[in-house]
Amino acid sequence: MADVFISYARPDRQQIAALAAALEAVGFSLWWDRSLTGGVEFSKKIERELSATKAVIVAWSASGNDSPWVRDEASLARDQNKLVAITLDGNKPPMGFRQFNSLDFSSSNEAICTEAFDKLVLSLKLRVNPDEQSGPQSTESEFGGVHPPPARAVAIALRRLSRQNIHWRTIATIVALLVIVVGVVFWRQTPIAPSPIAVEATDILPQSVAVLPFKNLSSDPEQVYFSDGVAGEILNALAQVRDLHVTAQSSSFQFREEDRDTQDVARRLGVAAIVDGSVQKLGDRIRVTAQLVDARSNRVVWSQKFEGEPINLFAIQDAVAAEIVGIMTENFDLSEASIAPTKRIDVPYEAYDMYLQAQALLDDLFAAGSPGPRWQVLPPAYELLTQAIDIAPDFALAYASRAEAMAWIGWVHNSGSASTMPDFKFPLPAEVTEERVDAEIEKALALGPDLAETLVSYRFHSSRYSSYQSFMQDLLTHVDEALRINPNHAKARDLRSKGLIDKRKFREGFEEAERAYRLDPLNTDIADWIFSLYFYFGDFENLDRFMNGSVPLANAGHALTVLSLAYAEYGKFENLVEFERSGAKIPPNPVTNWNVFDQGFGMMWGLGASYATLGIPEMAHLRLRDQYEDIFLIREGRYNEAIDYLEAEWAIRSDPEKFKELRQPEWRYRLFDIHRGLAFAYLFTADYKKIIALSQQTTQFDLEPEPPDLPSGAAGSGPWIETSYAYALYQTGADNADTWMTEYVRLLEDMLAQGIALPNYEYEYARALTIMGRKEEAFASLERAIDKGWRRWYFEVDPITAPLREMPEFEGLKARYDADIARMRKIVVKGLREQGFDIAD
């Protein structure tokens with residue numbers, strides 16, 4: 001059990017994170033709910049953890065005083081004689097707790113913060129180890145064999161903590177905070193409400209069809225899963241016809257309404273034909289009715305009934321698909337060379353029925369409109385698939401689906417999400433190890449090597465690989481084989497797109513993403529991915545089309561994050577006004593209450609740096625949350641202070657074990673930002689050896705300098721650490737400088753040639769060429785960056801590009817840059833004031 005429990009209110013989480021890191025560095029073990037959400041009931045788990053600890057820090061603040069949760073925990077701590085009170089913002093504790101002295105961390109004075117921290121450590125030590133002699137009130141003694149961090153590092157962190165309280169109180173006065181939920185790979189948020197997709201007639205392929213969910217005409221309404229399964233297998237059979245474009249199930253099955261307009265559905269999906277029908281169980285008989293509608297004329301060109309025993313269901317499904325292929329060959333210009341679909345499944349009907357039930361549950365895992373993943377579907381899906389496999393040990397699809405269920409269950413356990421649902425029972429963790437998931441997929445691949453679904457399930461298959469690169473290479477091999485079998489498999493194309501981009505084949509990966517989107521236009525995951533690619537390729541026409549509601553996106557926060565980065569990266573600062581207005585309309589995630597500002601993604605840097613460039617410090621500080629003080633210190637020429645600040649940040653966050661434990665996006669991205677800032681700050685003090693040492697420091701965090709891929713970290717970040725690293729290699733006479741730089745420049749040129757349009761790439765290319773002494777080419781690249789919209793605050797201070805600022809052409813370029821910044825600042829200030837922000841002249 002932990003030594004110390006921390007009780008706090010949700011809005012104070014960032015301050016508590018800094019304090020917790022400092023206390024852990026001194027040697028205390030802590031329990032504090034890192035995924036705390038407002039409005040959660042006082043739970044038995046929290047009571048158990050609090051009772052097991054020896055001391056309880058209660059963090060009073062404007063938010064903490066109003067929190068019934070904090071008051072309950074404080075009452076329990078008081079009754080157990082464990083309470084250690086602190087105040088984060090100078091607010092006194094509520095009535096009933098004022099007899100306890102509160103250590104004050106609201107001061108901006110470094111010495112006062114250090115003294116408060118020393119007193120807090122002493123108070124905790126007296127409770128945790130009451131038998132030890134209490135030395136002087138200092139953190140310089142050992143505790144538990146762990147030495148504390150330098151006092152100055154702690155003081156800087158706590159001073160930043162106290163300033164954050166002031167900013168959070170300011171934010172609390174704003175009527176609608178820009179609350180944009182993080183786009184975490186395993187999370188969903190309330191979708192942006194879509195309007196019909198405007199697909200032009202020229203977008204509709206004559207050899208295209210969508211299979212809609214078949215109506216359930218059985219007396220049991222719970223049989224919907226079965227009618228969906230029948231329609232889904234007909235769809236899968238049609239999808240294997242090479243010359244036929246078949247819309248994916250995740251899009252076509254969104255149309256369940258009884259009075260659906262066939263032509264409207266076809267227009268929204270971009271297809272020429274529609275297949276629909278019904279399924280009815282009649283005792284021991286099954287009746288399937290299907291029809292093919294020419295959506296161009298709204299004419300039924302074929303309709304037929306099929307009836308038989310359940311054991312003949314697969315033959316019925318194959319017969320329907322074969323009939324449709326024949327009719328489409330005659331009516332929709334489908335090539336006669338198209339092969340007829342073949343039977344895919346041959347298992348006992350009982351096992352297939354269980355598989356359909358389980359698959360319906362898994363399909364509902366990320367249900368549209370749900371506030372979050374529906375993890376509760378996983379246990380019953382897992383059990384159904386286990387029963388299906390018991391009946392049919394050679395059922396490849398069941399193994400693939402069970403691997404998917406197990407992979408998600410494992411992720412829920414590893415992420416800690418299971419702890420937030422105490423009444424939710426998963427299979428034992430021992431059953432869902434990565435090795436077990438791998439074994440399930442190996443079994444599925446062995447039993448169904450010619451099934452696209454088993455091949456695509458490979459995306460969960462990673463534990464036996466020594467490197468991410470080898471895993472991605474094998475994934476591409478399996479995905480390519482899946483597309484050979486089923487060229488209409490949208491998920492396979494989506495995975496292939498990501499794999500190609502991972503291999504720096506950006507243009508090819510973008511084109512594959514477009515194919516996936518064309519096959520599955522209502523799939524919000526695919527829409528999110530291609531939306532991000534539009535950003536990298538500078539396609540504002542499609543970015544706007546997505547954002548005006550014509551395309552549904554899984555995560556409104558992700559969409560606005562990408563859009564904010566687009567405005568920042570392409571210098572469209574005047575659009576930030578509308579961004580602030582739009583973001584204020586989006587509610588926080590109802591489950592976690594997370595937003596981008598909590599998580600520390602590149603959006604914060606993008607927005608804050610944009611406001612800093614425009615000379616609007618109020619908004620820069622608000623959006624940066626005081627996590628990027630180096631920006632302002634470097635702009636003011638206070639380079640050593642910037643280094644002290646960043647090194648203190650690193651001292652707090654660089655514990656490898658904590659990084660391994662948390663590995664949260666905020667933790668990793670902040671480490672990346674710290675090193676980007678340090679590399680830039682060291683340039684100004686010519687400390688090149690430290691820049692090189694950064695690569696050795698960061699290897700354990702997967703942050704080592706290397707020629708960047710499609711910029712997961714570069715988008716929204718400051719000057720790239722890779723370019724600073726290259727400059728340091730030259731300045732120190734490193735033997736590998738020329739080799740490293742040649743490869744780096746080649747990769748930059750390759751990305752630009754493939755159509756990556758981010759102006760920041762042109763700026764980094766200009767920096768690289770300047771290092772190599774190619775000033776004329778470097779200046780031309782700088783001009784291209786400005787022409788594309790590159791506008792950054794470090795334009796006039798970057799040591800690497802200093803030779804370009806000495807060129808006679810620079811004065812004219814600078815004048816154009818300054819005029820544009822002045823124009824946009826006027827627009828932005830006016831717009832922000834209209835929204836109620838207090839902006840100085």
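Residue indices begin at 1 and follow the sequence shown. Computed from a predicted structure; not experimentally measured.
- With no hydrogens or angles considered, a side-chain donor-acceptor pair links Asp520 and Ser250 at under 3.5 Å.
- Counting heavy atoms from C-beta outward, Ile485 and Leu451 have side chains that stay 4.5 Å or more apart.
- Taking the side chain to side chain donor-acceptor pair (under 3.5 Å) definition, one finds that Arg299 meets it with nothing, sequence neighbours left out.
- Not counting sequence neighbours, Ser278 has no partner by the side chain to side chain donor-acceptor pair (under 3.5 Å) test.
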Practice item. Step by step, work out the ring-ring contact (aromatic ring centres under 6.0 Å, His included) result for Tyr536 and Phe506. Key: CA-CA 10 Å; Tyr536 292 118; Phe506 305 119; 8.5 Å; no
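- The two atoms that bring Ser218 and Asn216 nearest to each other are N-OD1, 3.1 Å, heavy atoms only.
- Counting only heavy atoms from C-beta outward, the side chains of Leu455 and Leu445 approach each other to under 4.5 Å.
- Side chains of Leu543 and Asp539 form no contact here, defined as non-hydrogen atoms less than 4.5 Å apart.
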Practice item. Kindly determine whether His245 and Gln207 satisfy side-chain contact (heavy atoms from CB on, under 4.5 Å), including the steps that lead there. Key: CA-CA 6 Å; His245 172 100; Gln207 305 88 5; 5.8 Å; no
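- Ring-plane geometry between Trp411 and Trp408 is classed as perpendicular, the angle between the planes exceeding 60 degrees on a 0 to 90 degree scale with a lower cut at 30.
- Here the CG atom belonging to Leu292 is positioned 6.0 Å from the CE atom belonging to Met328, to the nearest 0.5 angstrom.
- Smallest separation of non-hydrogen atoms from Ile441 and Ala403: CG1-CB, 3.5 Å.
- A side-chain contact (heavy atoms from CB on, under 4.5 Å) with Asn488 is found for exactly one of Thr247, Val246, Val241, namely Val246.
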Practice item. Could you please spell out the steps behind the side chain to side chain donor-acceptor pair (under 3.5 Å) verdict for Gln473 and Lys503? Key: CA-CA 9 Å; Gln473 181 57 53; Lys503 295 174 71 67; 2.9 Å; yes
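- At least one donor-acceptor pair under 3.5 Å links the side chain of Arg493 to the backbone N or O of Pro487.
- When all heavy atoms of Pro521 and Arg268 are compared, the closest pair comes out as CG-O, 4.4 Å.
- With rounding to the nearest 0.5 angstrom, the CG atom of Leu212 is 7.5 Å from the CG atom of Leu269.
- A 4.5 Å side-chain heavy-atom check between Phe510 and Glu508 finds every atom pair outside the cut-off.
- Atom OG of Ser497 is separated from atom CG of Leu533 by 5.5 Å, given to the nearest 0.5 angstrom.
- Two residues are said to be in side-chain contact when any heavy atoms from C-beta on lie closer than 4.5 Å; Phe306 and Glu323 meet this criterion.
- Between the side chain of Ser227 and the main chain of Val224, a donor-acceptor pair closer than 3.5 Å is present.
- Pro213 has its side chain within reach of Arg260: a pair of non-hydrogen atoms, C-beta onward, lies under 4.5 Å apart.
- Phe226 is listed as a side-chain neighbour of Ile286, based on a closest heavy-atom distance under 4.5 Å.
- Remark: Glu307 pairs with Arg287 by the side chain to side chain donor-acceptor pair (under 3.5 Å) rule, at least two apart or across chains.
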Check your understanding: side-chain contact (heavy atoms from CB on, under 4.5 Å) between Asn236 and Glu453: does it pass, once the steps are laid out?
Key -> CA-CA 10 Å; Asn236 288 330; Glu453 288 84 352; 3.7 Å; yes
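- Of all the heavy atoms in Leu385 and Ala358, the pair that sits closest is CG-CB, 3.5 Å.
- A salt bridge (Lys or Arg N to Asp or Glu O under 4.0 Å) check over residues 475-491, counting only residues at least two apart or in different chains, returns the pairs Asp480-Arg496, Glu481-Arg484, Lys491-Asp494.
- When side chains are defined from C-beta on, Asp363 counts as touching Gln249, because their heavy atoms get closer than 4.5 Å.
- Identified under the side-chain hydrogen bond (donor to acceptor under 3.5 Å, both in side chains) test for residues 389-402, with sequence neighbours left out: Gln359-Ser401, Thr386-Arg402, Arg402-Glu440.
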Point to revise | side-chain contact (heavy atoms from CB on, under 4.5 Å) between Val279 and Leu217, worked out | key: CA-CA 6 Å; Val279 178; Leu217 299 183; over 6 Å; no
Review point. Where do Glu309 and Asp284 land on the side-chain contact (heavy atoms from CB on, under 4.5 Å) test, with the steps shown first?
Key: CA-CA 6 Å; Glu309 295 179 354; Asp284 60 353; 5.5 Å; no
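- Checked against the 6.0 Å centroid criterion, the rings of Tyr355 and Phe395 qualify as a close aromatic pair.
- Contact detail for Ala482 and Ala492: the closest heavy-atom pair is CB-CB, 4.4 Å.
- Between the CD1 atom in Ile530 and the OH atom in Tyr517 there is a gap of 7.0 Å [rounded to 0.5 Å].
- In terms of heavy-atom proximity, Tyr225 sits nearest to Ala360 at CB-CB, 3.8 Å.
- In terms of modelled atom types and a separation under 3.5 Å, the side chain of Gln291 and the main chain of Gln304 share no donor-acceptor contact.
- Note: Met354 CE to Gln387 CD = 4.5 Å, rounded to the nearest 0.5 Å.
- Glu233 contributes atom CD, which lies 7.0 Å from atom CG of Leu397 (distance to the nearest 0.5 angstrom).
- Partners of Asp353 by salt bridge (charged side-chain N to carboxylate O under 4.0 Å, His left out), not counting sequence neighbours, listed by chain and number: Lys281.
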